[in-house]
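What follows is a single structure, written as structure tokens, with notes after it.
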Amino acid sequence: MVRTVLILSLIIMTLFINIADAKIVCTTTVLSSIVEDLTGEKCDVIASPSVCPAHYDIRPSDVEKIREADVIICHGFEPWVSELVNASGKDIKVVKVSGPWNTPQALRDKYIKIAKVLEEEGYKVNLKKCLDSINETEKFLKKFAEENGFIGTPVVCMQWQKGFVEFLGFKVLATYPPPEMISAKKYEELIENSKGAKLVIDNLQSGTEFGEKLAKELGAKEVAISNFPLKGNITTMMIENAEKLAEALKGEKAHVTETKSPGFEAVIAVCTILGVAALKRRT
């Protein structure tokens, strides 16, 4: 009887824990946060979320992480993955999960694909809970966008943020590639196509110097949002990005109001009256 109870207890316990032997390592916090959400377990990550993964410089500690791994999950645009695998001297399974992730629909697709990979490696995943969380975030963001005047507001943005920015309802007048790919001709075209933009939305990992220059040229407000979770997961990143955009838009409106304040208009009116009076005296 006692033996039967122990066996049943062990069976029940296995329903709530992962029994997978495969060690997963991800290249970015986008992917690692998805794995952690699905499994409830900590996942090692290679690239820092503060820099573009394509420009990440690998370190000796990264080779050690790969040596301990059985599966690497990557986006496919990281040029250093094969170098790390070769340096590890180990036969490692590399899984590519390509495509964008910064809209709710795209994010749901990533969770579904990675859940399948994890299940194939023996992990138990809680996909429904994760998808429900994304759905709730989507509802919140749509309401937030309406309440903060995003809908139809003209902006220009870095091309990798276009999907998220359009999802929020902004009107994207133009996009721009990484700064190193912008020629003088492209810059002139960008200025022409971006007239009337209220915000210049940078991709944080691509740098902000170009966006700040462009915003100054256009008389717009520059704001940088992240494409990789600096903390938390992608849904928390989306909410933080939306909050940054709302703050920037309020700052832009305050600037416009200030420059068109009654005090300013009064000064212009006085100057006009004085100018007319001066002309009458001369005549």
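Just the heavy atoms: all of them, side chains too, but no hydrogens, waters or symmetry mates, feed the values below.
The aromatic rings of Phe228 and Trp101 are tilted relative to each other, their planes meeting at an angle between 30° and 60°.
Nearest heavy-atom pair across Pro53 and Glu78 is CB-CG, 4.2 Å. Across all their heavy atoms, Ala197 and Leu173 have their closest contact at N-CD1, 3.8 Å. In this structure, Gly211 and Asp202 approach most closely via the heavy-atom pair CA-OD2, 3.2 Å. Of all heavy-atom pairs between Val156 and Thr175, the closest is CG2-N, 4.4 Å. Smallest separation of non-hydrogen atoms from Cys74 and Val94: SG-CG1, 3.8 Å. Looking at every heavy atom in both residues, Ala145 comes nearest to Leu168 through CB-O, 3.2 Å.
Taking the side chain as every heavy atom from C-beta outward, Pro178 and Trp160 approach each other to under 4.5 Å. In this structure the side chain of Asn227 never reaches within 4.5 angstrom of the side chain of Leu204, judged on heavy atoms. Within the 4.5 Å cutoff, the side chain of Ile66 has heavy atoms near those of the Ile46 side chain. Side-chain contact between Leu199 and Thr153: absent, with no pair of heavy atoms (C-beta onward) separated by less than 4.5 Å. A heavy-atom distance below 4.5 Å is found between the side chains of Thr236 and Asn233. Under the 4.5 Å side-chain criterion, counting only non-hydrogen atoms from C-beta, Phe164 is not in contact with Ile201. Contact of the Trp80 side chain with the Thr27 side chain is registered, since non-hydrogen atoms from C-beta on lie closer than 4.5 Å. Side-chain contact between Leu38 and Asn126 is absent, with no heavy atoms from C-beta onward closer than 4.5 Å.
Atom CD of Glu120 is surrounded by more than 12 heavy atoms from other residues, nucleotides or ligands within 6.0 Å. The number of heavy atoms from other shown groups lying within 6.0 Å of CD (Glu119) is above 12.
Atoms CG and OG, from Leu190 and Ser183 in turn, are 10.5 Å apart once rounded to the nearest 0.5 Å. The CG atom of Asn203 sits 9.5 Å away from atom CD of Gln159, with the distance rounded to the nearest 0.5 Å. Between the CE atom in Met237 and the OG1 atom in Thr29 there is a gap of 8.0 Å [rounded to 0.5 Å]. Rounding to the nearest 0.5 Å gives a distance of 12.0 Å between CG of Leu245 and CD of Glu240. With values rounded to the nearest 0.5 angstrom, Asn102 atom CG is found 8.5 Å from Asn241 atom CG. Interatomic distance, Glu212 CD to Glu222 CD, rounded to the nearest 0.5 Å: 5.0 Å.
Residue Leu107 is grouped with residue Val30 when hydrophobic side chains (ILVMFWY) are merged at heavy-atom distances under 4.5 angstrom, including chains of intermediate members. Linking ILVMFWY side-chain heavy atoms closer than 4.5 Å, directly or via other members, places Ile34 and Tyr123 in a single hydrophobic cluster. In the hydrophobic cluster analysis, where Ile, Leu, Val, Met, Phe, Trp and Tyr join through side-chain heavy atoms closer than 4.5 angstrom, Ile73 is grouped apart from Val85. At a threshold of 4.5 Å between side-chain heavy atoms, the hydrophobic network of Ile, Leu, Val, Met, Phe, Trp and Tyr places Val63 and Val81 in one connected group. Val125 and Ile112 fall within the same hydrophobic cluster, where Ile, Leu, Val, Met, Phe, Trp and Tyr residues are linked whenever their side-chain heavy atoms come under 4.5 Å apart, directly or through other members.
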Q: Under the side chain to side chain contact (heavy atoms under 4.5 Å, CB included) rule, what do Leu118 and Val71 come out as? Steps first, then yes or no, please.
A: CA-CA 10 Å; Leu118 293 172; Val71 180; over 6 Å; no
Q) Going through the checks in order, is the side chain to side chain contact (heavy atoms under 4.5 Å, CB included) test met by His55 and Glu180? A) CA-CA 12 Å; His55 299 145; Glu180 63 271 18; 3.6 Å; yes
Q | Trace of the side chain to side chain contact (heavy atoms under 4.5 Å, CB included) decision for Leu249 with Lys221 | A | CA-CA 8 Å; Leu249 192 58; Lys221 182 82 172 179; over 6 Å; no
Q. For Asn148 and Lys250, what are the C-alpha separation, side-chain angles and deciding distance, and is it a side chain to side chain contact (heavy atoms under 4.5 Å, CB included)?
A. CA-CA 8 Å; Asn148 287 273; Lys250 288 177 183 176; 3.8 Å; yes
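Not counting sequence neighbours, the partners of Lys42 by the salt bridge (Lys or Arg N to Asp or Glu O under 4.0 Å) test are Glu36. The ring pair (Phe, Tyr, Trp, His ring centres under 6.0 Å) search around Tyr111 returns none, not counting sequence neighbours.
Salt-bridge annotation for Lys139 and Glu136: present, with a side-chain N of the basic residue lying under 4.0 Å from a carboxylate O of the acidic one.
Screening Cys26, Pro49, Pro229, Cys43 for a side chain to side chain contact (heavy atoms under 4.5 Å, CB included) involving Ser33 leaves a single residue, Pro229.
Counting only residues at least two apart or in different chains, ring pair (Phe, Tyr, Trp, His ring centres under 6.0 Å) contacts with residues 178-218 comprise Tyr176-Phe210, Tyr187-Phe210. Under the salt bridge (charged side-chain N to carboxylate O under 4.0 Å, His left out) criterion, the residue pairs touching residues 87-107 are Asp70-Lys90, Lys93-Glu121, with sequence neighbours excluded. Within the structure, every pair that satisfies the salt bridge (charged side-chain N to carboxylate O under 4.0 Å, His left out) test and touches residues 103-118, not counting sequence neighbours, is listed here: Arg108-Glu138, Asp109-Lys113. Listed by first and then second residue, the side chain to side chain donor-acceptor pair (under 3.5 Å) pairs involving residues 57-67 are Tyr56-Arg59, Tyr56-Asp62, Glu64-Arg67 (not counting sequence neighbours).
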